[in-house]
Structures are given as C-alpha cells and as structure tokens.
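Encoded as structure tokens, the structure appears first; notes follow it.
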Amino acid sequence: MKAFIWTLGVLLFLLTGIGHCRGGQFKIKKITQRRYPRATDGKEEAKKCAYTFLVPEQKITGPICVNTKGQDAGTIKDMITRMDLENLKDVLSRQKREIDVLQLVVDVDGNIVNEVKLLRKESRNMNSRVTQLYMQLLHEIIRKRDNSLELSQLENKILNVTTEMLKMATRYRELEVKYASLTDLVNNQSVMITVLEEQCLRVFSRQDTHVSPPLVQVVPQHIPNSHQYTPGLLAGNEIQRDPGYPRDLMPPPDLATSPTKSPFKIPPLTFINEGPFKDCQHAKEAGHSVSGIYMIKPENSNGPLQLWCENSLDPGGWTVIQKRTDGSVNFFRNWENYKKGFGNIDGEYWLGLENIYMLSNQDNYKLLIELEDWSDKKVYAEYSSFRLEPESEFYRLRLGTYQGNAGDSMMWHNGKQFTTLDRDKDMYA
C-alpha cells in the first residue's frame with residue numbers, strides 16, 4: 001500500500017516537476033545528486049526530452065515502474081505490485097490470527113456460559129433442597145411439640161395409675177388382714193373338730209375298724225420360709241397331719257371306701273441301709289432291684305440324702321424327684337422350700353432344686369413323667385435329656401427331645417427359670 005502511494009507521488013511530481021524544457025528538451029534538477037543523461041541516437045535526440053527524477057533518500061523495497069508508452073500509461077496507478085500482495089498476506093494472516101484468538105475467546109466464553117448455566121441450575125436445586133429441609137425442620141418442630149404434649153399426657157396417666165396402684169395395695173393389705181383372720185378362724189375350727197374327733201375316737205376306738213383319717217389343716221397358717229429339709233423315712237416336713245392321731249392303735253383306712261381313691265398303688269415300704277450310691281442306677285447295678293428308699297450321695301454334694309428309687313418301671317433305676325398321689329402335701333410354697341425339698345419320701349414329696357441340680361449334672365439323664373387318672377389310664381412323657389442349671393441361673397430347665405403319649409406340655413418350660421410365689425421369674429404377671 002505504501003509503495004502504491006509512493007508511486008502516485010512520483011507521478012504527481014512528474015506532472016508538476018521542477019525545471020524547464022527548451023527546444024524540445026525538458027530538464028529536472030536534483031538538488032542533492034546529479035544524474036547524467038543516457039546516450040541516444042542523434043536522429044531521435046531532437047524529438048525527445050530528457051527527464052530528471054528526484055528520488056527521496058530512503059530504501060526502496062519494490063520496483064518503480066514508469067510506463068511512458070502505450071495506451072495503458074494512464075492506468076499505472078491501478079497496477080498491483082508484489083509488495084502489495086505481501087502486505088495483503090500479512091494483513092490476512094494477522095486477521096486470521098485475530099479470528100483464531102476470537103474463536104478461542106468465544107469457546108472459553110461458551111464454556112463459561114455453560115458453567116454459569118450449570119451453576120444456576122445447581123443453585124435452583126440447592127434452593128429447592130433448602131426449602132425441603134426447612135419444611136422438614138418445621139415438621140420436626142411440630143412433632144416435638146406433639147411429643148411433648150403426649151409425654152405430659154402419659155405422665156398424667158402414670159400418676160393416675162400410680163394412685164390406683166397405691167389404692168389397690170392398700171386394699172390388698174386390708175384383704176390380707178381379713179384373710180389372716182379367716183385363716184385363724186378356720187384353723188381354730190379345725191382344732192376344735194380335731195378335739196371332738198379325739199373324744200369320739202376314745203369312745204369308739206375299739207369298735208369301729210373303718211375310721212377315716214383325721215381332718216387336715218385346710219389353709220396353712222403361715223407359708224413356710226426357712227424349713228430345713230431332712231429327707232428320711234419319717235421326715236414329716238410340711239404335711240399337715242394331726243400329731244395326736246394314734247397311728248399305732250388305729251388300723252389303716254379302707255381305701256375302697258375313701259371319697260377320693262388314689263390311683264397309685266402304694267408299694268410295700270423298703271428301706272436299704274447300704275450305700276450311699278451315686279444314683280438309683282448305681283444302686284441297681286450294685287444288685288438292688290427293689291423299689292424303696294435308698295441313701296444317695298451325688299458328686300460334689302455336702303452329704304447323703306434319702307430318696308425313692310423306682311425299679312418297677314422298665315428299665316429300672318429311676319430316681320423319683322417328685323411324687324403326688326393324694327394331695328396330702330401343700331405344694332404352694334416359697335423359693336427356699338423348693339430349693340431344699342419337702343414332703344415324705346414314702347408319700348408325696350419334692351426332692352429339692354439343689355439336690356436335683358447336683359444329681360442331673362453328674363451324668364447324662366433322661367426325664368420320665370408318668371400320669372394316671374382315676375380310671376387306671378396311664379400316659380407318659382419321656383425326654384432324652386434332663387438337667388438343671390445352678391441357682392445363679394435360677395435353676396433354668398434344659399430338656400431334650402420328647403416322646404410319649406401324654407403330650408409335650410414341658411416344651412413351654414424348656415429353657416425357662418424356676419418360679420415360685422415369692423420369686424416370679426416367668427414372663428407373666
């Protein structure tokens with residue numbers, strides 16, 4: 001572009017050039033440099049003028065074209081040189097670089113725009129989440145207020161129930177006092193009946209051979225607490241019988257005419273003085289095959305104890321831990337009684353939880369339960385294993401598999417702790 005402008009300047013300078021033409025000659029003077037005319041033919045010298053150019057003192061990077069001939073001499077200013085092309089290429093390359101830079105800027109701006117859109121979307125999501133959390137917080141506050149109200153209502157109910165319980169406890173104590181007075185009255189009447197019975201017996205003792213046994217104390221005056229169980233042949237622990245009854249003078253009652261005939265056949269009483277044995281099976285293996293009272297000393301026990309060994313049931317060697325036949329022994333007792341045992345070995349008795357624990361944990365044992373009704377119908381339940389856990393576990397029951405025809409009623413007690421009237425260890429009230 002600069003070369004084109006410079007060329008136009010030279011042309012204008014030629015038109016308004018400095019100098020004068022005389023006799024067909026045109027002279028241009030240059031101040032700084034002197035240029036000599038070219039040698040020409042003599043014939044044409046008179047027809048042409050000589051030209052003198054004044055060139056600026058600067059480096060010319062492109063050619064200077066001056067056309068003084070032909071028809072296109074007037075259009076020299078419209079010609080494009082190589083320098084113009086190179087300048088145009090430079091301009092185009094700069095514009096291309098600028099376009100690339102702008103494209104990068106546009107790409108970066110597009111990414112930024114996308115990120116801004118994502119951030120706006122996340123912001124809207126966060127606003128929705130914050131609103132949701134705020135609503136949850138309001139619900140929690142309302143729920144806590146409702147819970148506080150319910151808690152106060154429950155406290156009022158508990159206070160009311162506590163008041164009712166206190167009233168019931170007071171009422172219960174009053175009933176206990178009345179029960180004690182009624183118990184004393186019944187026992188006094190029983191004593192009176194016993195005295196009258198003794199008077200009758202003194203009169204008719206030699207005449208009537210079919211007398212019934214004396215009346216027993218219907219209601220125990222006091223639940224036994226610390227009775228020491230000493231099992232033996234004549235250990236009448238808690239059996240409520242009249243001690244003044246002349247057993248040595250009176251014949252045994254006729255069971256055929258008794259109002260409640262026991263289904264169990266009372267075997268002849270046999271007492272084995274040998275021993276002590278480990279258990280009834282040990283006694284049987286020692287040659288004693290008769291059912292009766294044996295001296296047994298379990299392992300780790302403090303001393304021997306007497307109990308009933310039953311050999312009439314196949315295969316024999318059964319240690320009887322409980323026997324109930326006629327209801328003559330009160331089984332409604334406290335923990336201490338059930339721990340040590342009570343009753344008569346030749347009648348109804350309970351061997352004792354501690355004794356059963358020592359027996360059942362010295363070897364592997366089975367449990368046999370035999371039931372008989374008043375029509376001589378017998379059923380049984382047998383368990384493949386039987387043992388008790390120590391008192392620290394409240395003599396928890398462990399039973400094996402069942403077989404028999406009496407029904408598996410002990411399945412509800414398997415794994416449960418022993419419970420009494422003063423130590424309630426079951427899940428019921």
Side-chain angles (χ1 to χ4, degrees), residues 231 260-267 278-284 291 296 298 305 307-335 337-343 345 347-429:
T260 56
K261 178 183 176 181
S262 173
F264 294 94
K265 282 70 179 176
I266 300 176
K278 174 184 175 182
D279 52 22
C280 291
Q281 181 66 26
H282 183 202
K284 181 187 176 189
S291 299
I296 302 297
L305 66 148
L307 50 78
W308 186 275
C309 291
E310 184 62 49
N311 292 313
S312 62
L313 298 175
D314 187 57
W318 293 99
T319 301
V320 180
I321 62 176
Q322 175 180 316
K323 182 166 61 174
R324 302 189 70 174
T325 57
D326 54 8
S328 60
V329 175
N330 177 27
F331 275 75
F332 188 66
R333 294 172 181 263
N334 61 7
W335 180 270
N337 289 154
Y338 270 98
K339 176 183 176 182
K340 296 180 179 180
F342 53 86
I345 299 178
E348 293 190 342
Y349 79 98
W350 168 257
L351 185 60
L353 291 169
E354 189 65 25
N355 296 328
I356 299 173
Y357 162 70
M358 291 183 180
L359 278 170
S360 63
N361 282 273
Q362 66 179 351
D363 206 338
N364 296 324
Y365 292 93
K366 295 181 180 180
L367 177 66
L368 175 63
I369 301 173
E370 188 182 43
L371 303 175
E372 184 178 355
D373 63 6
W374 306 107
S375 301
D376 297 333
K377 180 182 177 181
K378 292 183 180 181
V379 292
Y380 77 97
E382 184 176 335
Y383 295 87
S384 60
S385 63
F386 166 74
R387 69 180 179 88
L388 296 183
E389 294 186 3
E391 187 179 8
S392 59
E393 290 293 326
F394 300 99
Y395 301 108
R396 191 185 301 275
L397 177 63
R398 299 297 183 186
L399 293 174
T401 57
Y402 160 81
Q403 67 173 359
N405 57 359
D408 189 8
S409 298
M410 296 297 290
M411 66 177 293
W412 307 106
H413 304 277
N414 191 14
K416 301 297 189 302
Q417 297 173 342
F418 199 84
T419 185
T420 58
L421 59 92
D422 59 339
R423 292 194 188 182
D424 190 4
K425 298 299 177 182
D426 55 28
M427 65 182 67
Y428 303 101

Exercise. Starting from the C-alpha separation in whole Å, work towards a yes-or-no answer on side-chain contact (heavy atoms from CB on, under 4.5 Å) for Asn337 and Phe332.
Key: CA-CA 10 Å; Asn337 289 154; Phe332 188 66; over 6 Å; no
Self-check item: Check against side-chain contact (heavy atoms from CB on, under 4.5 Å), Phe394 and Glu389
Solution: CA-CA 7 Å; Phe394 300 99; Glu389 294 186 3; over 6 Å; no
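One distance of note links CG of Leu305 with CD1 of Ile296; it measures 7.5 Å at 0.5 Å rounding. Rounded to the nearest 0.5 angstrom, Arg398 CZ and Leu388 CG are separated by 10.5 Å. The CZ atom of Phe331 sits 4.5 Å away from the CZ atom of Phe342 when rounded to the nearest 0.5 Å. Residue Lys339 holds its NZ atom at 3.5 Å from CD of Glu391, rounded to the nearest 0.5 Å. Between atom CZ of residue Arg396 and atom CD of residue Gln417 there is a gap of 4.0 Å, rounded to the nearest 0.5 Å. With rounding to the nearest 0.5 Å, the separation of NZ in Lys416 from CE in Met410 is 11.0 Å.
Looking at Asp326 and Ser328, their side chains do bring a donor and an acceptor atom within 3.5 Å of each other. In the model, Ser291 has no side-chain atom that pairs as donor or acceptor with a side-chain atom of Asn311 under 3.5 Å.
Between Thr319 and Cys280, the closest heavy-atom pair is OG1-SG, 3.2 Å. Contact record, Tyr365 with Leu359: CE1-O, 2.9 Å, taken as the closest heavy-atom pair. Between Asn414 and Leu399, the shortest heavy-atom distance links the atoms OD1-N, 2.9 Å. Here the closest non-hydrogen pair linking Val329 and Arg333 is CG1-NH2, 4.1 Å. The shortest heavy-atom contact between Val320 and Leu351 is O-CD2, 4.4 Å. The two residues Thr419 and Lys425 have their closest heavy-atom pair at OG1-N, 3.0 Å.
Remark: side-chain polar atoms of Glu382 are not paired, donor with acceptor, to backbone N or O of Leu368 under 3.5 angstrom. When atom types are taken as modelled, the side chain of Gln362 and the backbone of Lys278 share a donor-acceptor pair closer than 3.5 angstrom. Here the side chain of Ser385 pairs a donor or acceptor atom with the backbone of Gly400 at under 3.5 angstrom. Counting only distance, with no hydrogens or angles, the side chain of Glu348 and the backbone of Gly327 share a donor-acceptor pair below 3.5 Å.
The side chain to side chain donor-acceptor pair (under 3.5 Å) analysis of residues 399-413, with sequence neighbours excluded, yields the pairs Tyr383-Asp408, Ser384-Thr401.
Note: Tyr338 and Phe418 have tilted aromatic rings, judged against thresholds of 30 and 60 degrees for the angle between ring planes.
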